[in-house]
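Any value given below was found using the heavy atoms of this structure, including those in side chains, with hydrogens, waters and symmetry copies removed. Please read these numbers as outputs of a predicted model, since none were measured by experiment.
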Amino acid sequence: IPGIQTKQKHQQVCVCVCASCCCCCFPARASHHTMSSFLTRFQARDVVLWAVGLALSTIITCYVIATSLNHVPYWLPDITHCARYAPERFIFRAGMIPACILLAYVWYLATSWLQDERSRVKGTAGGSPFIIRKLGVIGSLALVVSSSVLESDGSTMWTLHVICASSFFLLNYVAQVLMTR
């Protein structure tokens with residue numbers, strides 16, 4: 001991948017846009033970076049943790065608010081219904097949309113790693129990283145649309161919501177199967 005160098009140290013994958021140094025693995029060597037390039041360096045696993053943490057905390061927060069305001073029953077409500085009424089619908093959008101964008105980036109990172117491994121180990125079986133990336137990213141963006149159309153006044157576009165939510169689950173499932181086979 002042009003401009004991105006992948007390194008491994010102690011079983012952790014680092015992604016760094018600066019291909020000329022070991023600043024991700026050795027922070028003492030990062031003195032030449034500006035603040036903007038500092039923001040582009042991270043542990044790849046942190047993106048996964050942020051995506052999952054943000055999605056789970058958003059869903060749990062919306063559930064607690066929705067049940068406390070009697071918008072949904074306490075016992076196993078649908079996640080969609082925990083995001084239909086104010087104020088929880090605003091929290092749901094504010095949390096789920098960035099979580100979905102992070103999930104799309106997780107697919108980019110995972111397929112970049114897969115592509116690197118396949119170039120290193122010839123004859124590795126599995127699906128095309130390009131196809132996997134497209135499925136994962138399109139599925140993640142479908143959940144952005146699905147999360148954005150929920151309304152409490154009866155104007156929710158249910159067909160669009162169901163198609164996009166189902167696409168998220170289906171496309172991410174297929175991408176995961178292709179990634180791990």
- For T156 and E151, indicate whether the former's side chain and the latter's backbone hold a donor-acceptor pair under 3.5 Å.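 Judged by distance alone, yes, a pair lies under 3.5 Å.
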- Item | Check: S166 side chain, V162 main-chain N or O, donor-acceptor pair, under 3.5 Å |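 Flag set: sc S166 to bb V162 pair under 3.5 Å.
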Write down the atom of [X], the atom of [Y], and the distance for their closest heavy-atom approach.
X: T67; Y: P73; answer: CG2-O, 3.7 Å
X: Q176; Y: T180; answer: O-OG1, 2.9 Å
X: A165; Y: S146; answer: CB-OG, 3.4 Å
X: L135; Y: A175; answer: CB-CB, 3.9 Å
X: F92; Y: A83; answer: CG-CB, 3.2 Å
X: G95; Y: T58; answer: CA-OG1, 3.3 Å

- Apart from V72 itself, residues in the same hydrophobic cluster as defined by side-chain heavy atoms under 4.5 Å: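 Noted: V72 shares its cluster with no other residue.
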- Message: Side-chain heavy atoms under 4.5 Å apart, restricted to Ile/Leu/Val/Met/Phe/Trp/Tyr: what other residues fall into the cluster of Y85, or is it alone?
- Response: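 Listed partners: none, Y85 stands alone.
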- Message: Do I65 and P87 make a side-chain contact, defined as non-hydrogen atoms from C-beta onward lying under 4.5 Å apart?
- Response: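 Yes, their side chains come closer than 4.5 Å.
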- Sub-4.5 Å side-chain heavy-atom contact between I101 and L141: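 Touching, per the 4.5 Å side-chain cut-off.
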Please report the interatomic distance [atom1]([X]) to [atom2]([Y]), rounded to the nearest 0.5 Å.
X: Q115; Y: I132; atom1: CD; atom2: CD1; result: 10.0 Å
X: M179; Y: N172; atom1: CE; atom2: CG; result: 12.0 Å
X: L114; Y: L109; atom1: CG; atom2: CG; result: 12.5 Å
X: S167; Y: I138; atom1: OG; atom2: CD1; result: 9.5 Å

Please check if [X] and [Y] belong to a single hydrophobic cluster, counting links between Ile, Leu, Val, Met, Phe, Trp and Tyr side chain heavy atoms closer than 4.5 Å.
X: I131; Y: V137; answer: yes
X: L143; Y: V145; answer: no
X: M157; Y: M96; answer: no
X: Y74; Y: L69; answer: no
X: F169; Y: V149; answer: no

- Message: With side-chain contact (heavy atoms from CB on, under 4.5 Å) as the criterion, how do R133 and S112 come out once you've worked through the C-alpha distance, each side chain's angles and the decisive distance to 0.1 Å?
- Response: CA-CA 9 Å; R133 180 179 294 161; S112 297; 3.2 Å; yes
- Message: With side-chain contact (heavy atoms from CB on, under 4.5 Å) as the criterion, how do L103 and F168 come out once you've worked through the C-alpha distance, each side chain's angles and the decisive distance to 0.1 Å?
- Response: CA-CA 11 Å; L103 180 59; F168 164 74; 3.5 Å; yes
- Item | Aromatic ring pairing W158/H161, orientation class (parallel under 30°, perpendicular over 60°, tilted between) |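 W158 vs H161 ring planes: perpendicular.
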- Message: Heavy-atom count check: over 12 atoms from other residues, nucleotides or ligands less than 6.0 Å from I79 CD1?
- Response: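 12 or below, so no.
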- Message: Under the rule for ring-ring contact (aromatic ring centres under 6.0 Å, His included), what residues qualify as partners of Y63, not counting sequence neighbours?
- Response: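 ring-ring contact (aromatic ring centres under 6.0 Å, His included) list for Y63, sorted by chain: empty.
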- Item | Residue pair R89, L150: steps toward the side-chain contact (heavy atoms from CB on, under 4.5 Å) verdict | CA-CA 8 Å; R89 77 174 173 180; L150 296 173; 5.9 Å; no
- Of H71, R93, H81, which meets side-chain hydrogen bond (donor to acceptor under 3.5 Å, both in side chains) against E88?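 Answer to the side-chain hydrogen bond (donor to acceptor under 3.5 Å, both in side chains) test with E88 among H71, R93, H81: H71.
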